[in-house]
Number of protein chains: 2
Amino acid sequence: MAKSGASSRLRQPGAEGSTDTRRVLVEAAIETLKADGFAGASARAIAGRAGCNQGLVFYHFGSVVNLLLAALDAVSADRLEHYSAAVDRVTTPTELIDVAAAIFGEDLDAGHVTVLVEMIAGASSTPGLGPEVAARIAPWTQFAQAATQAAFGGSALDSVIPPSTVARGVVALYLGLEMLTHLDGDRAPALELFDRAKELASLFQALSAVPSAAGPKEGS
Amino acid sequence: MAKSGASSRLRQPGAEGSTDTRRVLVEAAIETLKADGFAGASARAIAGRAGCNQGLVFYHFGSVVNLLLAALDAVSADRLEHYSAAVDRVTTPTELIDVAAAIFGEDLDAGHVTVLVEMIAGASSTPGLGPEVAARIAPWTQFAQAATQAAFGGSALDSVIPPSTVARGVVALYLGLEMLTHLDGDRAPALELFDRAKELASLFQALSAVPSAAGPKEGS
DNA sequence: GTCTATACTTGGATAGAC
DNA sequence: GTCTATCCAAGTATAGAC
């Protein structure tokens with residue numbers, strides 16, 4: 001937008017050729033992480049996919065890992081926003097799990113979570129990368145905690161397990177399922193798990209409706 | 001000790017210098033995966049840690065990934081044997097979870113599961129590696145299924161979720177918790193999760209004792 | 001059969017062209 | 001300010017020494 005001075009530079013048709021190089025590189029970095037993993041995400045591989053010179057990685061981001069972190073930022077922001085929108089419309093535990101299952105399917109198809117997994121695993125190989133990645137994963141746990149609290153708040157689950165612990169477990173399970181499913185391509189067990197979790201949740205829902213009123217939301 | 005044919009070859013003191021080069025390389029590969037991850041596990045890095053020439057990686061294993069797979073084999077065999085021994089002495093769900101928590105602590109300290117995670121995540125970067133890794137992870141799910149069935153068999157859990165699904169979920173959670181804990185170094189949430197799971201299990205234990213006799217083991 | 005020295009390829013980073 | 005041509009380090013793999 002606002003591309004001043006359209007100096008008819010010859011480039012690939014469709015590419016604007018100047019300020020959005022960063023954007024193109026970030027997008028290519030994401031795709032490369034999905035397709036070739038952290039170990040395969042070299043400056044050359046990324047630039048090749050972006051259709052530009054590999055030196056641009058270093059000009060625009062300073063280093064490969066910095067570009068990779070920008071990619072993680074982009075994926076994280078995009079997904080968390082998407083999640084928030086989807087979760088906003090839920091009130092009950094079973095609805096939450098339904099939404100989670102649907103989103104899990106999306107993430108699996110598009111490979112969004114692969115980016116997280118690759119960055120977490122790849123963090124071991126580069127000194128100083130760990131904390132950077134950790135800071136970008138934290139919002140996921142935070143979101144999971146908010147979402148579970150919104151749906152399970154005041155239920156039986158809430159009193160038997162601290163919300164932060166649940167959130168951590170949910171994120172861990174999400175990452176683990178993504179890894180295993182990505183590895184062997186069989187998504188049936190994961191979807192089955194969501195299905196059963198929903199049944200268990202409805203059980204909890206029924207149980208927590210019985211005892212002393214915890215109050216159905218404020219005002220009643 | 002027992003250094004046959006003392007042909008006074010000069011080597012590092014302590015190293016026997018001949019047939020166990022493979023063993024030393026496998027051990028070094030494991031340590032390198034733990035410390036530097038898949039992306040950092042180059043032939044040079046591993047050989048350096050093993051204290052031998054990097055060419056030996058290719059002589060003994062043909063390629064780096066082959067050595068890495070041998071490392072995964074070794075870790076997997078070692079751990080699964082250890083798990084079996086520990087689980088053999090368990091009969092109740094709460095005991096199983098106690099054992100699982102203890103073993104999780106061990107694995108975290110020693111970095112055993114890091115090897116799995118790195119290999120799973122690294123599989124994306126090398127064509128054909130995925131199925132090889134998948135074949136080596138399958139026994140873990142198998143073991144988890146056997147263990148949960150031994151402890152939860154005939155309980156309420158068994159009838160609401162298929163054992164294979166539970167096993168998959170347990171392995172996924174285990175891998176995910178390892179990743180997150182390894183990333184930020186905070187093992188408290190994971191241990192808390194085991195603790196709460198134990199409470200829930202004892203609840204299930206109590207519930208499943210009430211209804212129509214599913215039969216305490218065969219016979220009776 | 002074991003291992004080392006060397007060939008060749010790919011990757012990270014920058015000096016300098018535009 | 002943006003990008004390309006080039007440099008050097010690190011990686012895989014093998015030919016050949018022992």
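A quick note: this is a predicted structure, and the numbers were derived from the prediction, not measured. Protein chains get the first letters and strands the later ones, always in sequence-line order, with residue 1 at the start of each.
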Student: Within a strict 4.5 Å, meaning less than it, do heavy atoms of the B:F104 and B:R187 side chains meet?
Tutor: no
Student: Is a side-chain N or O of B:E27 found less than 3.5 angstrom from the main chain of B:R23, in a donor-acceptor match?
Tutor: no
Student: If we only count heavy atoms from C-beta on, is the B:D107 to B:E178 side-chain gap below 4.5 Å?
Tutor: no
Student: Within the pair B:T21 and C:dT2, is there a side-chain N or O less than 4.0 Å away from OP1 or OP2?
Tutor: no
Student: Determine whether B:S63 and B:N66 satisfy the following criterion, side-chain contact (heavy atoms from CB on, under 4.5 Å), listing intermediate values before the conclusion.
Tutor: CA-CA 5 Å; B:S63 70; B:N66 273 6; 3.5 Å; yes
Student: What is the distance, rounded to the nearest whole Å, between atom CZ of A:F58 and atom C1' of D:dA5?
Tutor: 14 Å
Student: What is the distance, to the nearest angstrom, from the CG atom on B:D36 to the C1' atom on D:dG11?
Tutor: 15 Å
Student: Give the minimum heavy-atom separation between B:M119 and B:V133, together with the two atoms involved.
Tutor: O-CG2, 3.9 Å
Student: Over 60° means perpendicular and under 30° means parallel, so classify the ring planes of A:Y83 and A:Y174, tilted if in between.
Tutor: perpendicular
Student: Rounding to a whole Å, what distance do you find between B:L67:CG and D:dA13:P?
Tutor: 12 Å
Student: Round to the nearest Å and state the distance from A:L56 atom CG to C:dC18 atom C1'.
Tutor: 13 Å
Student: What N/O pairs connect the protein and nucleotides 5-11 of chain C at under 3.5 Å? Give each pair on its own line.
Tutor:
from, atom 1, to, atom 2, distance (Å)
C:dG11, N7, A:R44, NH1, 2.9

Student: For a quick test of reading the model: is some side-chain N or O of A:H60 closer than 4.0 Å to OP1 or OP2 of D:dG1?
Tutor: no
Student: Within residues 117-132 of chain A, which residues have any heavy atom lying less than 4.0 Å from an atom of DNA chain D?
Tutor: none
Student: Below the 4.0 Å mark, does C:dT2 have OP1 or OP2 next to a side-chain nitrogen or oxygen of B:Y59?
Tutor: yes
Student: Short question: side chain of A:S125, backbone of A:G122 - any donor-acceptor pair under 3.5 Å?
Tutor: yes
Student: Which residues pass the salt bridge (Lys or Arg N to Asp or Glu O under 4.0 Å) test with A:D186, sequence neighbours left out?
Tutor: none
Student: Do B:L68 and B:F61 have side-chain heavy atoms sitting under 4.5 Å apart?
Tutor: no
Student: Please report the distance, rounded to the nearest Å, between CZ in B:F61 and P in D:dT14.
Tutor: 17 Å
